Amino acid sequence: MKGKEFMLDIHVIREEPERIEKALRTKNISVDVNKILALDQQFRELSKETDDLKHLRNTVTQAINDKKKKGIDAREDILKMRDVGSRIKENDQQLLLIQQTLKEQLISLPNTPHESVPVGKNEKDNVEVRRWGSPQKFTFNPKNHLELGESLNLFDFHRAAKISGSGFPLYTGKGAKLERSLINFMLDLHTQEHGYTEILPPFLVNSNSSTGTGQLPKMADDMYYLDQDDLWLIPTAEVPVTNIHRDEILNRENLPIKYTAYSGCFRREAGSYGKDTRGFQRLHQFNKVEMVQFCHPDESYTILDSLVNNAEMVLQKLILPYRVVELCTADLSFAAAKCYDLELWAPGEEKWLEVSSCSNFGDFQARRSNIRFKDEQGKNRFVHTLNGSGVATPRLLIAILENYQNEDGSVTIPEILRPYTGFDILRQDS
RNA sequence: GGAGGAUUAGGCUAAUUGGUAAGUCAGCGGUCUUGAAAACCGCCGCCCUCUGGGCUUGGGGGUUCGAGUCCCUCAUCCUCCGCCA
């Protein structure tokens, strides 16, 4: 049995079952660790017994070989081994069954929160870390992004619904150009100033990839699935980009490896109908620039801070007011050990909108995906993985339209974007 | 979609035509050295209840006392053909 199937280290569960149970409880997950330990125990006992049988077979089989070479009759040994062979086969089948059950249990266990994460019961216990910029004071009643976008002909949700259904964006004219400009601006920022290598990944991935980053098995209902080809539409570039190095041993000198990638993102949003669905707030398809890093275990929490800063720079260069929120234990995603969200202020909607989520996964994803490096002693160890949005465009577009709107209904383009858009203001008649 | 070839550990490469994976390079540790190189020794895929065992030749199955080797099946890559943006 190989260790790579496990996400939480079975050794850690063996040694500190209470700590794991307690840590998962802060994530609002109740797990019966004893059930897992019992399976593990059962597996190891039967495994030992079978290994002994195999040892017997190996030695006797070698003896048969020697006898045959010397011309001695070995029929008795062969007959004996026939029985041993069938017992081994039975045991192996039983072992496989136990192993599968154990694997199902382990693969469904979420990551444990880092000790520094504030313990909380729900999203209300998230902690605001800092704010940047100050919301504009309007001398008029600010419009929301839908009113602005429709009057400026930037997008068309009615026709999008005709083509695809609700929750799919259709950008038109300067709206489409603005969207493309945002993507290019962010990619240029991360590659030129933050040292990331640009990636343009596949948008469809197989089940192994989805399991590696932790989307499967828990999030299966939230992803689009193509039954005919057994492929999943990616909910984020995190999935294909992290899986670039699945089953690889990375060179220690190359760490940290930093990738940034644009991708379309596809989410079924099952169960979230009705809330926050207006306009660009929640979509089945959207664009996002993602940052992914692979690093030495000792560095991951330092790198998390810089990752958050990289994402913040997008918002600062666009001069948009935002706040940084640290998620409490209960609000952490399945695979995350620690996570910060960036939220933009939207004066038209009058609320904070999440545009980025920056997480450290520790060795959780690396363990599932078997991504390792050789450490200073030449031993293979799992890397740590991190990723963060840098950033998602729909809510960024909302914030730009609503923060940069003028009294006459026009919208000024943030200065940093103008080289990309080629225009500096959006007017009704242009 | 069809035909043929290929897949051995981090890389590269062997294995009596069925007899239980041999080497090499890189890397890590050690001896030696003022230091380095060279040389030599050990480690260098995974698991276990670790002075010892077991597993591992792309994945899964079969035949056999015994499979890298024979059979079936799937995956990936290469070449050719067909179709097509």
Side-chain angles (χ1 to χ4, degrees), chain A residues 1-15 17 36-103 106-107 202-212 226 228-232 240 243-255 257 294 296-297 363 366-383:
Chain A
M1 180 165 65
K2 293 182 178 177
K4 69 179 181 183
E5 293 92 354
F6 307 123
M7 15 67 66
L8 282 185
D9 192 344
I10 185 70
H11 300 99
V12 176
I13 297 178
R14 242 178 247 162
E15 281 159 29
I36 290 169
L37 289 176
L39 274 171
D40 179 47
Q41 180 74 16
Q42 200 184 344
F43 177 83
R44 284 191 292 164
E45 277 168 13
L46 189 59
S47 178
K48 172 70 177 164
E49 182 189 320
T50 310
D51 283 357
D52 289 344
L53 282 174
K54 284 178 179 172
H55 179 49
L56 178 67
R57 179 177 67 182
N58 286 343
T59 49
V60 174
T61 276
Q62 190 55 52
I64 292 172
N65 186 23
D66 294 341
K67 283 184 183 175
K68 282 208 165 184
K69 276 181 182 162
K70 289 175 190 161
I72 304 172
D73 179 45
R75 220 176 303 168
E76 195 179 322
D77 285 338
I78 290 176
L79 224 62
K80 200 165 72 185
M81 283 307 103
R82 223 171 252 174
D83 182 49
V84 171
S86 63
R87 278 179 65 197
I88 288 174
K89 189 173 278 185
E90 280 171 28
N91 278 11
D92 274 342
Q93 281 170 356
Q94 179 69 16
L95 276 171
L96 191 69
L97 223 66
I98 297 171
Q99 192 183 348
Q100 275 171 352
T101 314
L102 189 59
K103 183 177 160 184
L106 287 172
I107 209 90
F203 292 0
L204 298 179
V205 296
N206 58 34
S207 294
N208 278 342
S209 294
S210 290
T211 306
L226 284 82
Q228 205 169 10
D229 300 288
D230 190 25
L231 291 170
W232 305 81
N243 276 281
I244 287 175
H245 294 300
R246 173 152 51 88
D247 293 321
E248 289 184 15
I249 296 178
L250 304 173
N251 198 329
R252 190 172 76 244
E253 284 79 37
N254 295 336
L255 299 178
I257 295 173
F294 305 80
H296 191 286
D363 66 2
R367 201 175 279 284
R368 290 176 158 241
S369 306
N370 196 28
I371 306 170
R372 297 173 293 172
F373 72 104
K374 275 201 194 302
D375 72 5
E376 294 74 4
Q377 277 73 47
K379 278 228 41 146
N380 292 334
R381 289 176 62 193
F382 292 112
V383 297

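Because the structure is a prediction, the values reported are computed rather than measured. Just so we're on the same page: letters track the sequence lines, and every chain starts at 1.
- Rounded to whole Å, the separation between the P atoms of B/A67 and B/U57 comes to 11 Å.
- Taking a pair to require two hydrogen-bonding distances under 3.5 Å in either a Watson-Crick or a G-U wobble arrangement, B/U24 pairs with B/G11.
- Taking the C1' atoms as reference points, B/C28 lies 36 Å from B/C78, given to the whole Å.
- Following rounding to the nearest Å, A/Glu248 (CD) and B/G27 (P) show an atom-to-atom distance of 20 Å.
- Pair assignment for B/A85 gives none, since no Watson-Crick or G-U wobble pairing has each distance under 3.5 Å.
- Atom CD of A/Glu376 is separated from atom P of B/C44 by 18 Å (rounded to the nearest Å).
- Remark: C1' of B/C55 and CD of A/Gln99 are 11 Å apart, rounded to the nearest angstrom.
- Shown here for A/Arg246 and A/Ser369, the closest heavy-atom pair between the two residues is CG-O, 3.2 Å.
- A donor atom on one side chain and an acceptor atom on the other are not found under 3.5 Å apart for A/Asn208 and A/Thr211.
- In terms of modelled atom types and a separation under 3.5 Å, the side chain of A/Asp229 and the main chain of A/Leu231 share no donor-acceptor contact.
- Here A/Lys69 lies in heavy-atom contact (under 4.0 Å) with a base.
- Atom pair A/Asp229:CG and B/U76:C1' shows a separation of 16 Å (rounding to whole Å applied).
- Atom CG of A/Leu250 is separated from atom P of B/G27 by 18 Å (rounded to the nearest Å).
- Nucleotides B/A6 and B/C50 place their C1' atoms 39 Å apart, quoted to the nearest Å.
- Rounded to whole Å, the separation between the P atoms of B/C12 and B/A26 comes to 16 Å.
- In this model, a donor atom of one side chain and an acceptor atom of the other lie less than 3.5 Å apart for A/Glu45 and A/Gln41.
- Residue contacts shown for A/Glu45 include a base, since a base heavy atom lies under 4.0 Å away.
- As a whole-Å value, the separation of A/Leu95 CG from B/C48 P is 14 Å.
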Between the protein and nucleotides 7-10 of chain B, list every N/O to N/O distance that falls short of 3.5 Å.
none

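- Along RNA chain B, the nucleotide closest to A/Gln41 and the one closest to A/Lys379 are compared, and the more 5′ of them pairs with A/Lys379.
- Rounded to a whole angstrom, the distance from the C1' atom of B/C40 to that of B/C46 is 30 Å.
- Here the separation of B/U16 from B/U76, taken at their C1' atoms, is 32 Å to the nearest Å.
- Across B/G45 and B/U24, the matching P atoms stand 16 Å from one another, rounded to whole Å.
- B/A36: no Watson-Crick or G-U partner with both key distances under 3.5 Å is found in any strand.
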Protein and nucleotides 63-73 of chain B: nitrogen or oxygen contacts under 3.5 angstrom:
{"residue": "B/U63", "atom": "OP2", "partner": "A/Lys89", "partner atom": "NZ", "Å": "3.1"}
{"residue": "B/C65", "atom": "OP1", "partner": "A/Arg82", "partner atom": "NE", "Å": "3.0"}
{"residue": "B/C65", "atom": "OP1", "partner": "A/Arg82", "partner atom": "NH2", "Å": "2.7"}
{"residue": "B/C65", "atom": "O2'", "partner": "A/Thr61", "partner atom": "OG1", "Å": "3.2"}

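- When both distances must be under 3.5 Å, the Watson-Crick or G-U wobble mate of B/G4 is B/C78.
- Nucleotides B/C81 and B/U13, compared at atom C1', are 33 Å apart to the nearest Å.
- A donor-acceptor pair is defined here as one N or O able to donate and one able to accept, closer than 3.5 Å; such a pair exists between the side chain of A/Arg252 and the backbone of A/Lys374.
- Summarising the base pairing, B/C55 is matched to B/G45 through a Watson-Crick or G-U wobble pair whose two defining distances lie under 3.5 Å.
- Across the protein-nucleic acid pair, A/Asn251 atom CG and B/C28 atom P stand 10 Å apart, rounded to whole Å.
- When every heavy atom of A/Gly212 is checked against every heavy atom of A/Arg368, the shortest pair comes out as O-CB, 3.4 Å.
- Smallest separation of non-hydrogen atoms from A/Asn254 and A/Ile257: O-CG1, 3.5 Å.
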Using atom types as modelled, flag every donor-acceptor pair under 3.5 Å from a side chain in residues 66-83 of chain A to any protein atom, sequence neighbours excluded.
{"residue": "A/Lys67", "atom": "NZ", "partner": "A/Asp77", "partner atom": "OD2", "Å": "2.9"}
{"residue": "A/Asp73", "atom": "OD1", "partner": "A/Arg75", "partner atom": "N", "Å": "3.4"}

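- One finds a side-chain N or O of A/Arg14 lying less than 4.0 angstrom from the OP1 or OP2 phosphate oxygen of B/C48.
- Under a 4.0 Å N-O distance rule, the pair A/Arg367/A/Asp363 qualifies as a salt bridge.
- When both distances must be under 3.5 Å, the Watson-Crick or G-U wobble mate of B/C70 is B/G62.
- Annotation: of the two residues near RNA chain B, A/Leu46 and A/Gln62, the 5′-most nearest-nucleotide partner is A/Gln62.
- The CG-P distance, from A/Asp92 to B/U56, rounds to 9 Å in whole Å.
- The minimum heavy-atom distance linking A/Phe294 with A/Leu250 is given by the pair CB-CD1, 4.2 Å.
- Counting only N and O atoms by type, the side chains of A/Arg372 and A/Asn370 include a donor and acceptor under 3.5 Å apart.
- Nearest approach of A/Leu95 to A/Ser47, heavy atoms of both residues: CD2-N, 3.8 Å.
- Within the 4.0 Å cut-off from OP1 or OP2 of B/C48, at least one side-chain nitrogen or oxygen of A/His11 is found.
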